[in-house]
Amino acid sequence: MRWYGSLRRAAHIAQVRRRGRRVSLPTLSAYGLAASGGASEIGITVSKALGSAVCRNLVRRRIRGALDELGPAQPAPARLLLVARPPAAQVPYRQLAADVAAAVAQLARR
RNA sequence: AAAGGCCGCCGGGCAGUCGCGCGUCCAGGGGACGUGAGGAAAGUCCGGGCUUCACCGGGCAGCGUGCAGGAUAACGUCCUGUCGGGGCAACUCGAAGGAAAGUGCCACAGAAACAAACCGCCGGGCAAAACCGGCAAGGGUGAAAUCGGGAGGUAAGAGCUCCCGGAGCGUCGCGGCGACGCGCGCUCGGGUAAACCCCACGCGAAGCAAGAUCGCUCGAAAGGGAUGGUUCGCCGUCCCGGACGGCCCGUCCGAACGAGCUACAUCGCACCGAGGCGCCCGGUAACGGUCGCCCCAGAGAGAUGGCUGCCGCCGCGCAAGCGGUACAGAAUCCGGCUUACAGGCGGCCUUUGCAC
RNA sequence: GCGCCCGUAGCGUAGCUGGAUAACGCGCGGCCCUCCGAAGGCUGAGAUCGGGGGUUCGAAUCCCUCCGGGCGUA
């Protein structure tokens, strides 16, 4: 079982993007907002600027894989939005995973 | 053996670890089992299934197709042929109906671009010319100049005649279902229809965000005019109005629903189909048929995966090793077309060389 | 999904319908003018007409097919 759910509602995404704290790294931007309770919800955005559908799928799955590696030992539940930036398509997996971990950690520190 | 042609197929494998969607079963926050991208899922260039609207029929417009026969649910697709181009050949390519129905256009050059004669040639005239008549062989222009080459013929010439070749036409003959081929006869009349057009054939429109179901809200509930008859109940004719989602004719109607929300709901939609695989039969083939087996992705913005190791394949290198492993990601479903694609496999055929 | 549009000098456009000169403005280079610059005048360069194939004597234009970009709609 994953430690997070999927951030689906357009209204929630807009709220996180507008009011959430923001962290910028070379391969991705991240927005975070504390949630009242329950499990965390995370959304991943990969725009057309990253490349073809195959390429975008790979980036999205790698980000999800990196999140799985973080494990369930996460602090308070939150709503996160991870937006991949163009360099994410060129970089090896280890570097992308490091950025994902850093982004989540910085948002959690608050 | 080399070079080439055609057809079909694959397009990574194994293990570890962390995970996901759907289905079934067990089952109190989980677990077990099964299953889970492509040959192009792509581009959206065509054709259908399905759905709603229209539907009683005809015509026009519009769009598309364009050798013949066949295959198919259908097609602009496929197969087999015909004709024409390419190749020594296997084979391959072709929007391949009509220009003696009509209209338009053919720049510049050139006398002339479809109706004719500039330089010429010949005859008359004549000292020579002007001029009159005949001719279209030669020159020149051009992308293209009245079928090409040769001979006869003639004042000079001309399909005027003959031979070879080419093209078109025919109530013609033979072969073929047919396109067409061979023969005979006649004619020889520029090009362009991916210019308008003519001919033949096909097409109702929109699309799964189609549409259907449950619940709720709102709106509208239908006739009007003229005229004739009347037993004052009403009936007939004409006009206005409405429907026939391009227009017209013709037809029908004057009564019943229409719009929106819920809505990221449920169904459509994901087990049953123009379904897949295999054997056999018919057919040159596309394809069709009998029988057997199989059930085979699917949604709340979206699962089918991430990482590591080993192996395989390719390139570089003596080696250790290093680098690479294509094109590309389902969204209503099928049949095609087109485009992209590292590398590899199988079968048949052609030409040339060598050996026997 | 459906229905459309555009691609021409560095930039913005015309020419396309109906075939034969690729034109205009801004910008750029040089010269003149000025003490210098702006403005102005003269002059010059700069184009695979998005790529490929076809029709035609001839294609930016017509046809087919790819590529890139944009718009509308529910």
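Order of the sequence lines fixes the chain letters, A, B, ..., with proteins taken first and strands second; residue numbering starts at 1 for each chain. The model shown is predicted, which means the values in this text are computed figures rather than measured ones.
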From [atom1] of [X] over to [atom2] of [N], roughly how many Å is that when rounded to an integer?
X     : N      : atom1 : atom2 : answer
A:R56 : B:G305 : CZ    : C1'   : 17 Å
A:R94 : B:U308 : CZ    : P     : 7 Å
A:L58 : B:U304 : CG    : P     : 12 Å
A:I42 : B:G302 : CD1   : P     : 13 Å
A:E69 : B:G306 : CD    : P     : 13 Å
A:Y93 : B:G305 : OH    : P     : 16 Å

Open item on the list: Other residues, nucleotides and ligands only: do more than 12 of their heavy atoms fall within 6.0 Å of CZ on A:R85?
Closed with: yes
When the [atom1] atoms of [M] and [N] are compared, how many Å lie between them, rounded to an integer?
N      : M      : atom1 : value
B:C252 : B:C56  : C1'   : 9 Å
B:U213 : B:U304 : P     : 37 Å
B:A129 : B:C121 : P     : 12 Å
C:A9   : C:A22  : C1'   : 11 Å
B:U161 : B:G153 : C1'   : 8 Å
B:G142 : B:G150 : C1'   : 28 Å
B:G170 : B:G183 : C1'   : 14 Å
B:G343 : B:C327 : P     : 12 Å

Task: Ionic contact status for A:E69 with A:R62, cut-off 4.0 Å - done: no
- [ ] Any chance you could lay out the side chain to side chain contact (heavy atoms under 4.5 Å, CB included) test for A:L28 and A:L96, step after step, and finish with the verdict?
- [x] CA-CA 9 Å; A:L28 58 89; A:L96 182 62; 4.3 Å; yes
Check the chi torsion on [N] and let me know: syn if it falls within 90° of 0, anti if not.
N      : value
B:C247 : anti
B:G298 : anti
B:G233 : syn
B:A37  : syn
B:G317 : anti

Open item on the list: Measuring from the side chain of A:R60 (C-beta onward, heavy atoms only), which nucleotide among B:G329, B:A303, B:G306 has the closest atom?
Closed with: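 Closest nucleotide to the A:R60 side chain: B:A303.
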Open item on the list: From C-beta outward on A:D68, which listed nucleotide comes closest to its side chain: B:G19, B:G329, B:A303?
Closed with: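 Closest of the options to the side chain of A:D68: B:G19.
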- [ ] Look at A:R64 and B:G19 and indicate whether a side-chain polar atom (N or O) is within less than 4.0 Å of OP1 or OP2.
- [x] no
Task: Side-chain N,O (A:R61) to OP1/OP2 (B:U304) below 4.0 Å - done: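 Looking at the OP1 and OP2 atoms of B:U304, one of them is under 4.0 Å from a side-chain N or O of A:R61.
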Open item on the list: Please determine whether residues A:V104 and A:I44 belong to a single hydrophobic cluster, defined as Ile, Leu, Val, Met, Phe, Trp and Tyr linked transitively by side-chain heavy-atom distances below 4.5 Å.
Closed with: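 Result: yes, single cluster for both.
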Open item on the list: With clusters defined by side-chain heavy atoms of hydrophobic residues (ILVMFWY) lying less than 4.5 Å apart, directly or transitively, does A:I63 cluster with A:L58?
Closed with: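 In one cluster with A:L58: A:I63, no.
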TODO: Check whether any side-chain heavy atom of A:T45 sits under 4.5 Å from a side-chain heavy atom of A:L82, and report yes or no.
DONE: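 The answer is no, as the side chains (C-beta and beyond) never meet within the 4.5 Å cut-off.
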Paired with [N] by Watson-Crick or G-U wobble geometry, both distances under 3.5 Å: which nucleotide is it?
N      : result
B:G4   : B:C349
C:A20  : none
B:A319 : none
B:C277 : B:G292
B:A54  : none
B:U82  : B:A96
B:G36  : B:C20
B:C201 : B:G64

TODO: Have a look at A:I63 and say if it touches a base, only the backbone sugar-phosphate, or nothing, with a 4.0 Å heavy-atom cut-off.
DONE: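 A:I63: no heavy atom of the nucleic acid under 4.0 Å.
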Open item on the list: Please report the interatomic distance CD(A:Q106) to CG(A:L25), rounded to the nearest 0.5 Å.
Closed with: 6.0 Å
